[in-house]
Amino acid sequence: AGMSTYSMALIALMTITPLFLQRDIGLSTGKTGMVFAAAMLLGAIGQTWIGRLSDTAGRHGVFVTGSLLGLTTAIVAALPLAPVWISATLILSMGVLVAIRSGVLAMAVDFSGQREATTLGFVFVLMDGLGALGALLAGLVGDFQLRYAFLLAAALSIASIVAILLSRRLRQLY
């Protein structure tokens, strides 16, 4: 459940950000593309570093910290700020959530213990398949106001943190 809600949060942000930047902020398609590319580049570069950190410091702590940063910046993006600050917070929010993906996948492999390719295939189905619900929910929420989708992404990130911590606690008990 935690991996699915994490993915829903990321996909919600990825879906609404370009629409929001163009419609509400008034950025051109070129500048919108630059913001989106910066977020994906930050996430891609960060995956190696965050993956290594999750190997050494522990996956759960890195996931929680990254998710907290991602949800906090998503909330800030929903505030009525200057376009440059909104763009920066969206870059950081999406970038961090993309960067922790390698640790999320490693958590799934750690949990299964074997059959890594099968596990990763199943996890991608959950993350991308169920994560697509994030786009649907963001669109429904965005019908009211696009910036509300950022708050939805923050709420989904909180749900993912709670689910991951609960599952970890349950594994420790049994």
Side-chain angles (χ1 to χ4, degrees), residues 1-21 36-37 39-44 46-47 50-51 54 58-75 77-78 89-174:
M3 289 181 222
S4 298
T5 51
Y6 150 77
S7 189
M8 288 171 67
L10 176 58
I11 292 174
L13 281 172
M14 292 171 71
T15 302
I16 295 300
T17 293
L19 292 170
F20 176 78
L21 291 174
F36 198 85
M40 295 303 105
L41 185 60
L42 175 66
Q47 280 192 52
I50 297 297
S54 78
R59 304 200 199 293
H60 291 89
V62 169
F63 175 80
V64 169
T65 302
S67 293
L68 286 171
L69 180 58
L71 76 89
T72 301
T73 51
I75 290 169
T89 58
L90 288 170
I91 289 168
L92 188 56
S93 186
M94 285 190 293
V96 168
L97 291 179
V98 169
I100 64 172
R101 191 169 193 169
S102 60
V104 171
L105 295 172
M107 271 194 287
V109 171
D110 290 347
F111 182 74
S112 72
Q114 58 183 345
R115 299 185 189 254
E116 292 87 0
T118 303
T119 299
L120 290 175
F122 181 69
V123 168
F124 274 113
V125 167
L126 286 176
M127 288 176 65
D128 295 340
L130 292 176
L133 290 174
L136 175 64
L137 293 173
L140 292 172
V141 169
D143 276 343
F144 295 101
Q145 192 170 3
L146 288 175
R147 71 178 65 237
Y148 291 169
F150 303 145
L151 301 176
L152 169 70
L156 290 168
S157 289
I158 291 169
S160 70
I161 292 168
V162 169
I164 292 290
L165 292 176
L166 283 176
S167 69
R168 181 178 183 202
R169 180 72 175 142
L170 288 173
R171 274 195 308 253
Q172 289 174 344
L173 292 173
Y174 300 103

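Nothing fancy with the numbering, it's 1 onward along the sequence.
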- In Å and rounded to the nearest 0.5 Å, what is the CE to CD1 distance from M40 to I91? 10.0 Å

- CD1 (I11) and OH (Y6) are apart, to the nearest 0.5 Å, by 9.0 Å

Listed pairs under 3.5 Å, donor-acceptor, residues 133-152 side chains, sequence neighbours left out:
from	atom 1	to	atom 2	distance (Å)
Q145	OE1	Y148	OH	3.4
R147	NH1	A78	O	2.9
R147	NH1	L79	O	3.0

- For M14 against F36, the heavy-atom pair lying closest together: O-CE1, 3.6 Å

- Query: Which atom pair, heavy atoms only, marks the closest approach of S160 to S157?
  - Reply: OG-O, 2.7 Å

- Check whether any side-chain N or O of S93 sits under 3.5 Å from a backbone N or O of L90 as a donor-acceptor pair, and report yes or no. no

N/O donor-acceptor pairs under 3.5 Å from side chains in residues 98-106, not counting sequence neighbours:
from	atom 1	to	atom 2	distance (Å)
R101	NH2	D128	OD1	2.9
S102	OG	Q47	O	3.1

- Query: Between S167 (side chain) and I164 (backbone), is there a donor-acceptor pair under 3.5 Å?
  - Reply: yes

- Distance-minimising heavy-atom pair for L97 and S67: CD2-CA, 4.3 Å

- Note on the structure: Rounding to 0.5 Å, atoms OG1 (T15) and CZ (F20) come to a distance of 15.0 Å

- Message: For a side-chain contact (heavy atoms from CB on, under 4.5 Å) check, start with the C-alpha distance between V96 and T73, then their side-chain angles and the critical distance, and finish with the verdict.
- Response: CA-CA 10 Å; V96 168; T73 51; over 6 Å; no

- Tightest non-hydrogen contact, residues S7 and G131, listed as OG-CA, 3.8 Å

- Message: So, using side chain to side chain donor-acceptor pair (under 3.5 Å) as the criterion, who are the partners of S54 when residues are at least two apart?
- Response: R59

